[in-house]
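Let me begin by presenting the structure, written as structure tokens, before commenting on it.
By convention here, the first residue in the shown sequence is residue 1. Since this is a predicted model, take the numbers as computed values, not measurements.
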Amino acid sequence: MKQLEIEFKTLLSEQDYLRLCAYYQLTADDFYTQTNVYFDTPTNDLRHKKCGLRIRQYTTKGEITLKTPQAVGLLETTDRLTLEETMDSLAKKQLPEGAVTKELRQLGIDPNQLQVLTSLTTKRAEFAIPEGLLALDESWYNQQHDYELELEVNDAHLGKVAFDVYLTTHQLPYKFAENKIVRATK
């Protein structure tokens with residue numbers, strides 16, 4: 001499956017995160033946990049191409065996603081996995097054949113050369129609002145803990161305007177948020 005991802009994000013303080021959770025009346029049932037395990041080659045071929053590769057494990061399933069830069073946004077190539085396939089791939093540190101491995105080869109990257117970089121666990125609430133798909137994340141990685149707001153949109157220009165209005169409306173300061181893979185591998 002291929003999909004264009006256009007998103008705007010900001011890091012949040014714990015106080016702003018909790019304030020947004022209260023504003024949307026979120027309960028524990030509104031959140032789910034996901035763990036991302038990030039991969040690259042020993043020579044960081046994916047990083048040099050500004051790409052990211054992860055296996056994401058949910059409670060009952062998983063997926064492999066390769067993100068490649070586009071003129072606007074990131075192209076996500078995703079293979080869905082059962083929980084058993086996810087666990088097997090993580091145990092072997094090897095990707096099953098599919099759209100992602102095909103795309104890696106087209107990028108000149110041998111899937112057999114991949115190694116695990118690190119992992120990041122996120123507790124996420126995700127829901128539609130008029131501006132787009134909103135995600136509130138609390139993440140843990142490498143003795144770090146942070147909070148983030150992401151707004152996924154269909155149009156980059158309109159989305160940027162909506163994001164800025166959202167921040168102003170909710171009195172949120174903008175704090176640059178690198179992609180999770182970048183934060184987790186620093």
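Among all heavy-atom pairs drawn from C51 and L107, the shortest one is SG-CD1, 4.2 Å. The heavy-atom pair separating T86 from G62 by the smallest distance is OG1-CA, 3.1 Å. The heavy-atom pair separating Q34 from Y58 by the smallest distance is OE1-CE2, 3.6 Å. In plain terms, the two heavy atoms of L4 and G73 that are nearest each other are CD1-C, 4.2 Å. Across all their heavy atoms, A184 and L120 have their closest contact at CB-CD1, 4.0 Å. What you find for Y24 and H170 is that their closest heavy atoms are OH-NE2, 4.0 Å.
A distance of 11.0 Å separates CG of L20 from CD of Q15, quoted to the nearest 0.5 Å. With rounding to the nearest 0.5 angstrom, the CD atom of E63 is 6.0 Å from the CZ atom of R56. Atoms NZ and OG1, from K67 and T65 in turn, are 7.5 Å apart once rounded to the nearest 0.5 Å. Here the NZ atom belonging to K50 is positioned 11.5 Å from the CG atom belonging to N179, to the nearest 0.5 angstrom. Taking OG1 from T78 and CG from L66, the interatomic distance works out to 8.5 Å, rounded to the nearest 0.5 Å. Rounded to the nearest 0.5 angstrom, R19 CZ and E14 CD are separated by 13.0 Å.
Without hydrogens or angle criteria, D40 side chain to L46 main chain gives a donor-acceptor distance under 3.5 Å. Between the side chain of D164 and the backbone N or O of V161, no donor-acceptor pair lies under 3.5 Å. Side-chain atoms of R80 never come within 3.5 Å of backbone atoms of M1 as a donor-acceptor pair (strictly under, hydrogens ignored). Between the side chain of R183 and the backbone N or O of E178, at least one donor-acceptor pair lies under 3.5 Å. Listed for the T10 side chain is a donor-acceptor partner under 3.5 Å among the backbone atoms of K175. The backbone N or O of A99 lies less than 3.5 Å from a partner atom in the side chain of D79, making a donor-acceptor pair. Checked by atom type and distance alone, the side chain of Q113 never pairs as donor or acceptor with a backbone atom of D110 at under 3.5 Å. Between the side chain of K123 and the backbone N or O of D137 there is no donor-acceptor pair closer than 3.5 Å.
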Q: Test L11 against F176 for side-chain contact (heavy atoms from CB on, under 4.5 Å), laying out the working first.
A: CA-CA 6 Å; L11 290 174; F176 177 72; over 6 Å; no

Q: In sequence, state the C-alpha distance, the side-chain angles, and the governing distance for L53 and L95, and then conclude on side-chain contact (heavy atoms from CB on, under 4.5 Å).
A: CA-CA 11 Å; L53 176 64; L95 305 183; 3.9 Å; yes

Q: For side-chain contact (heavy atoms from CB on, under 4.5 Å), just list the numbers for W140 and N142, CA-CA rounded to whole Å, side-chain angles, deciding distance to a tenth of an Å, and then say yes or no.
A: CA-CA 7 Å; W140 297 266; N142 301 330; over 6 Å; no

Q.
For a side-chain contact (heavy atoms from CB on, under 4.5 Å) check, start with the C-alpha distance between F31 and L26, then their side-chain angles and the critical distance, and finish with the verdict.
A. CA-CA 8 Å; F31 290 87; L26 300 176; 3.9 Å; yes

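Looking only at side-chain heavy atoms (C-beta outward), Q94 and S89 stay at 4.5 Å or farther from each other. Side-chain contact between P96 and E85: absent, with no pair of heavy atoms (C-beta onward) separated by less than 4.5 Å. With a 4.5 Å cut-off on side-chain heavy atoms, R47 and T185 count as touching. At a threshold of 4.5 Å between non-hydrogen side-chain atoms, the residues E131 and F163 do not count as touching. Between L172 and L12, the closest side-chain pair of non-hydrogen atoms falls below 4.5 Å. By the 4.5 Å heavy-atom criterion applied to side chains, Y32 and T122 are not counted as neighbours. Between T68 and L74, the closest side-chain pair of non-hydrogen atoms is not below 4.5 Å. At a threshold of 4.5 Å between non-hydrogen side-chain atoms, the residues I109 and T41 count as touching.
For Q106, the CD atom is densely surrounded, since the number of other residues' heavy atoms within 6.0 Å is greater than 12. By the 6.0 Å contact criterion, CD on Q115 is enclosed, its count of non-hydrogen atoms from other residues, nucleotides or ligands being greater than 12. In the displayed structure, H157 atom NE2 is contacted under 6.0 Å by at most 12 heavy atoms of other residues, nucleotides or ligands. In this structure, D155 places its CG atom where more than 12 heavy-atom neighbours from other residues, nucleotides or ligands lie under 6.0 Å away.
When the side chains of ILVMFWY residues are joined at heavy-atom separations under 4.5 Å, either directly or via intervening members, L136 and V153 end up in a single hydrophobic cluster. Clustering ILVMFWY residues whenever any of their side-chain heavy atoms sit less than 4.5 angstrom apart, transitively, puts I64 in a cluster other than the one holding M87. No single ILVMFWY cluster, assembled from side-chain heavy atoms under 4.5 Å apart, contains both I55 and V182. When hydrophobic clusters are built by joining Ile, Leu, Val, Met, Phe, Trp and Tyr residues whose side-chain heavy atoms come closer than 4.5 Å, directly or via intermediates, L158 is not grouped with I129. Grouping the Ile, Leu, Val, Met, Phe, Trp and Tyr side chains by contacts below 4.5 angstrom, directly or via other members, places Y141 apart from L90.
Looking at E150, E148, E138 one by one, the single match for salt bridge (Lys or Arg N to Asp or Glu O under 4.0 Å) with R124 turns out to be E150.
Residues K49 and D45 are not paired through a salt bridge, judged by the lack of any N-O separation under 4.0 Å between the basic side chain and the carboxylate. Between E103 and K2 there is a salt bridge, since at least one side-chain N of the basic residue sits less than 4.0 Å from a carboxylate O of the acidic one.
Ring geometry for Y147 versus Y17: interplanar angle of 30 to 60°, hence tilted.
Residues T121 and T35 have side chains that bring a donor and an acceptor to within less than 3.5 angstrom of each other.
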